[in-house]
Amino acid sequence: MSYDHQKIEAKWQERWESEKVFRATEDPSRPKFYNLCMYPYPSGALHQGHIRNYTFGDLLTRYKTMRGFNVLSPMGWDSFGLPAENAAIESGVNPRENTEAQIVTMTRQIKQLGAMYDWDRELASHHPDYYRWDQWLFLQLFERGLAYKKEAPVNWCPKDQTVLANEQVVDGACERCGTIVEKKNLAQWFFRITDYADRLLDDLDQLDEWPDRVRTMQRNWIGRSEGARFTIAVAGGDLSFEVFTTRPDTIYGMTFCVLAPDHPLVGSLIEGSENEQEAREYIAASASATEIERMAEGDKTGVFTGRYALNPVNDQQVPIYVADYVLMGYGTGAIMGVPGQDQRDWDFAARYGLEIIRTVEPPPRWEGEAYTGEGPTINSGFLDGLEQMGAKERIIEWLEEKGIGLGTVQYRLRDWLISRQRYWGSPIPMIDCPSCGLVPVPEDQLPVLLPDVKDFAPKGQSPLATADEWVHTTCPACGGGARRETDTMDTFVDSSWYFLRFTDPHNERVAFEQENARYWMAVDQYIGGVEHAILHLLYARFITKVLSDMGLSPVTEPFSRLFTQGMITLGGAKMSKSKGNVVDPLELFASHGADSLRLYHLFMGPPTDDAAWDTNGVEGTSRFLDRLWRVVTETDGFEGPADPELVALAHRTAKKVTEDIERFVFNTAIPPLMTLTSSLIEATQAGIDRQTFDQVVEFLVKLLAPMAPHISHELWERTGHGTMLANEPWPEWDPELVAQATVTMVVQVNGKVRGRVEVPADISAEDAERVALGLEKVQGWVEGAEIRKVVSRPPNLINFVVG
RNA sequence: GCCCGGGUGGCGGAAUGCAGACGCGAGGGGCUUAAACCCCCUUGAGCCGUUACGGCUCGUGUGGGUUCAAAUCCCACCCCGGGCACCA
């Protein structure tokens, strides 16, 4: 008989909630643990990715609670965003009502998983008492010069008359109507994250409990490179342009220059040139291609402008090209082409028959194309013989002396565009006054409430612009008529500080009280999908640093330890609604129960890796829990002897499970629990005494409590305990019982296993050798041959090398 | 094209000096009037032996290398997945 999971799970969910077992209160006498899963977008239903995330998080909440930590594990909603707005456009449903209904549904489902949160701290970013502080945050950045407005292009669908997110642009066309997307310039708000580029980069070194993979991605995203900027004159006239290079030491190898197609100088360069027509066609073609298309195309194409540039070091004339492998958005939008030392330049030079000069001596027998490694500088006048670093320093000095350039640092990171021409977001608290200009809304007038609008259909401007009464306001500075900003904020702004709000979620006076933030921050464990490895995590780090500079955040880094989980696949593809390969968690709650599902998620593979879904696996973990249920509830008549070996196994299991949880590797924590259960079943069939049984069951139930909490709590109660298992201490193991008196030593001859023998755990090398050579089978392999070497690793292994 | 991961039985995976733990699936058997549930046995490939559930060889994408010893470390290549803003 399998246990009645429906009834038991409902019973314990009700008790945990009504007894507020996981409510967190500030208590300086206990060590704190702030455990946070990335707050979800309320999409309407839990999917397996959520289940995986909250199973890991809840395991940790429960484990750390049993280890005596004061655990804060809050839950909230990233409830502004595009899907609710799209639903409003398509079916007219009100975004607020729709979102709130979805939150109700998902809350119920999270509770069905048995995942415990301090629901008293629940927050949702679409609530005015939350986004009021988004607006406050915006004003702080504005005051510090970290928020500014400038023109920037957006994706514009001319047919739908609306701005599109990158996600809504598919192959250069509007995903809804297929119209080719255009670029359109709009004045938009930015956060000056580039001011923090160096600190965001340097502080990655402190984050030694983050995955290296994520740190590498952030490092590459910020993309600091040291090099030089200098001016290159165009031959025959007074035009010039600036280039940036990381390899100024290779300047003598410059055999051409390239400008980006949208470089402002291009028009005047090609005007009247013999190649003008061809160049214009090329530029027009590259403007219509999306960046992705340009990337996908392997070949580097370009067109000669008909003009020449002068190399500042030797006045050599080199041709100037326009090519779309150079981007206006990075550096100066112009480069010096050095094919000898750069593979992309090599490819370009090879295609257009341009000269190639090596300025770095490659190693002997070098057969590659561009050589990007170290070596002595050659063919380079006064730089000859210098190594890369020395040559760089020397040429930068020279450029600076001549006043045509300077050593500089270039970042790949761009400022954060936070304006969205959308309804369902936090309104930007600014007012545009015809006489005073851009005026911030005074803090005491926050929140700027999101107005109700009737029609969400796009009409060429932000839906907020249609709320006439809301838009027309008075200027806080001069009292004259003025207009409100109608853009809303990127939802990444909401999520860049919510972890701070969780420390003091209901405060109406300030965003969060210092004392609370000091107690709880930083987040000790942050858990979420790797898709947030760059943007969300970088923005949260940036805002935390800004708040720290303001003296408000007690930490400069928000997340001490980061865990990124793998995604769930089925049939070789990511499980997703659009692919139609989802397995609904609700059905599994009903058929097998939350505990079986949780256990399967923990068991199915390493938490960091993608995992292939197999519903049969839930069957397996469910069978395991059934076996445990039966042995605990159905065993009677304890006439047998004590079983110290079984008790020792329980202690060893406790050690292994604890170590695996600490390492965040859950899939290997479960087999020992299965083995211990099987051993207990065998032992009860043979007959054991009550004390052995009780001891082993206590270990099992407690070790399983964070993984399969419902059945564990029920068994704890049924074995005569009146306490709440969640608050019981984590089991301690006895080191003496864990230590094994004897171990199996492997005996190898020439690296092949030829025998095994039980030996004392503290055996000496000499004794190990004697025992091993005493084995009949081993003798067969070594006799008649000379033992040339003995590699002894007592007590686990010994290897005889014979020949 | 560039960057980051990863290739182990029929499948998910375990193993950092014993390859295949644990689970799934498959095959066989038991229980049952029957089925489900449950329980037991077998399950990388090939071979030898069967008095011995004993032994031998091969085997972790491919080819090399280092080592007493390589799934694990190094080099080259192939394939799969993910990311991308051709970042000078």
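Convention: sequence-line order gives letters A, B, ...; per-chain numbering from 1. In what follows, every heavy atom counts, from backbone to side chain, and hydrogens, waters and symmetry copies are set aside.
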Result for 5'-nearest mapping on RNA chain B, choosing between A:N750 and A:G620, is A:G620
Carboxylate-amine/guanidinium proximity below 4.0 Å for A:R247 and A:D342:
no
Over how many whole Å does the gap from A:N796 atom CG to B:rA15 atom C1' extend?
14 Å
With C1' as the reference atom in both, quote the distance from B:rC79 to B:rG25 in angstrom, rounded to an integer.
26 Å
Contact class for A:P672 vs. all strands (heavy atom < 4.0 Å): base, sugar-phosphate, or nothing?
nothing
Applying a 4.0 Å non-hydrogen cut-off, can you work out what A:D610 is touching in the nucleic acid: base, sugar-phosphate, or nothing?
sugar-phosphate
Write down the distance separating the C1' atoms in B:rC87 and B:rG7, rounded off to the nearest Å.
31 Å
Taking the same atom, P, in B:rC40 and in B:rC56, what whole-Å distance lies between them?
30 Å
Just call it for A:Q410: base, sugar-phosphate, or nothing, with non-hydrogen atoms closer than 4.0 Å on any strand.
nothing
Residue-phosphate contact under 4.0 Å: A:R630 side-chain N/O, B:rC37 OP1/OP2:
no
Quick check: does any side chain N or O of A:T305 sit under 3.5 Å from a backbone N or O of A:Y321, one acting as donor and the other as acceptor?
no
With P as the reference atom in both, quote the distance from B:rC22 to B:rU33 in angstrom, rounded to an integer.
34 Å
Of the listed nucleotides B:rA21, B:rG23, B:rA88, the one nearest the side chain of A:R627:
B:rG23
Ring centroids only, cut at 6.0 angstrom: are A:W416 and A:F190 within range, meaning strictly under it?
no
Does the pair A:D660/A:K656 count as a salt bridge with the N-to-O cut at 4.0 Å?
yes
Work out how far the C1' atom of B:rC53 is from that of B:rU43, and round it to whole angstrom.
14 Å
A:E634 CD to B:rC37 P, in whole Å, measures 17 Å
Please classify the nucleic acid contact of A:V801 as base, sugar-phosphate, or nothing, using heavy-atom distances under 4.0 Å.
sugar-phosphate
Presence of A:R623 side-chain N/O under 4.0 Å of B:rC24 phosphate oxygens OP1/OP2:
yes
How would you label the contact of A:S225 with the nucleic acid (heavy atoms, under 4.0 Å): base, sugar-phosphate, or nothing?
sugar-phosphate
Pairwise C1' distance for B:rC39 and B:rG6, with rounding to whole Å
40 Å
How far, in whole Å, is B:rA34 from B:rA45 if one measures between their P atoms?
34 Å
Side-chain donor-acceptor contact under 3.5 Å, A:D614 with A:Y600:
no
Out of B:rA88, B:rC58, B:rC22, whichever nucleotide has its closest atom nearest the side chain of A:K752:
B:rC58
With the side chain defined as heavy atoms from C-beta on, A:I335 is closest, among B:rA88, B:rC86, B:rC24, to B:rA88
Could you identify the nucleotide paired to B:rA21, looking across every strand shown and requiring Watson-Crick or G-U wobble geometry with both distances under 3.5 Å?
none
Please determine if A:R663 and A:E659 form a salt bridge, counting it only when a charged side-chain N lies under 4.0 Å from a carboxylate O.
no
Would you mind classifying the nucleic acid contact of A:W221 as base, sugar-phosphate or nothing, using non-hydrogen atoms under 4.0 angstrom?
base
No-H, no-angle donor-acceptor pair, A:N799 side chain to B:rC68 base, under 3.5 Å:
yes
Can you find a donor-acceptor pair, distance only, under 3.5 Å between A:R756 side chain and B:rC18 base?
yes
Using Watson-Crick geometry (N1-N3 plus N6-O4 or O6-N4) or G-U wobble (N1-O2, O6-N3), each under 3.5 Å, B:rC2 is paired with B:rG83
Regarding the side chain of A:R414, the nearest nucleotide among B:rC22, B:rC4, B:rA85 is B:rA85
When the C1' atoms of B:rC48 and B:rA14 are compared, how many Å lie between them, rounded to an integer?
30 Å
Determine: side-chain N/O of A:N667 to OP1/OP2 of B:rA14, distance under 4.0 Å, yes or no.
yes
With syn defined as a glycosidic angle within 90° of 0 and anti as the rest, where does B:rG9 land?
syn
Given B:rG23, B:rC87, B:rC4, which nucleotide is nearest the side-chain atoms of A:T216?
B:rC4
Round to a whole Å and report the spacing from NZ of A:K789 to P of B:rU67.
10 Å
Closest to the side chain of A:W781, out of B:rA19, B:rC56, B:rA21, is B:rC56
Measuring to OP1 and OP2 of B:rA21, would you say a side-chain N or O of A:K656 lies under 4.0 angstrom away?
no
Shortest side-chain distance from A:R344, nucleotide among B:rC18, B:rC22, B:rC87
B:rC87
Any N/O donor-acceptor pair, A:R793 side-chain to B:rG17 base, under 3.5 Å
yes
Decide whether A:T744 and A:E758 meet the rule of one side-chain donor and one side-chain acceptor closer than 3.5 Å.
yes
Do A:D595 and A:I8 have side chains that approach each other closer than 4.5 Å (heavy atoms only, starting at C-beta)?
no
Within the structure shown, what part of the strands sits under 4.0 Å from A:R754 by heavy-atom distance: base, sugar-phosphate, or nothing?
sugar-phosphate
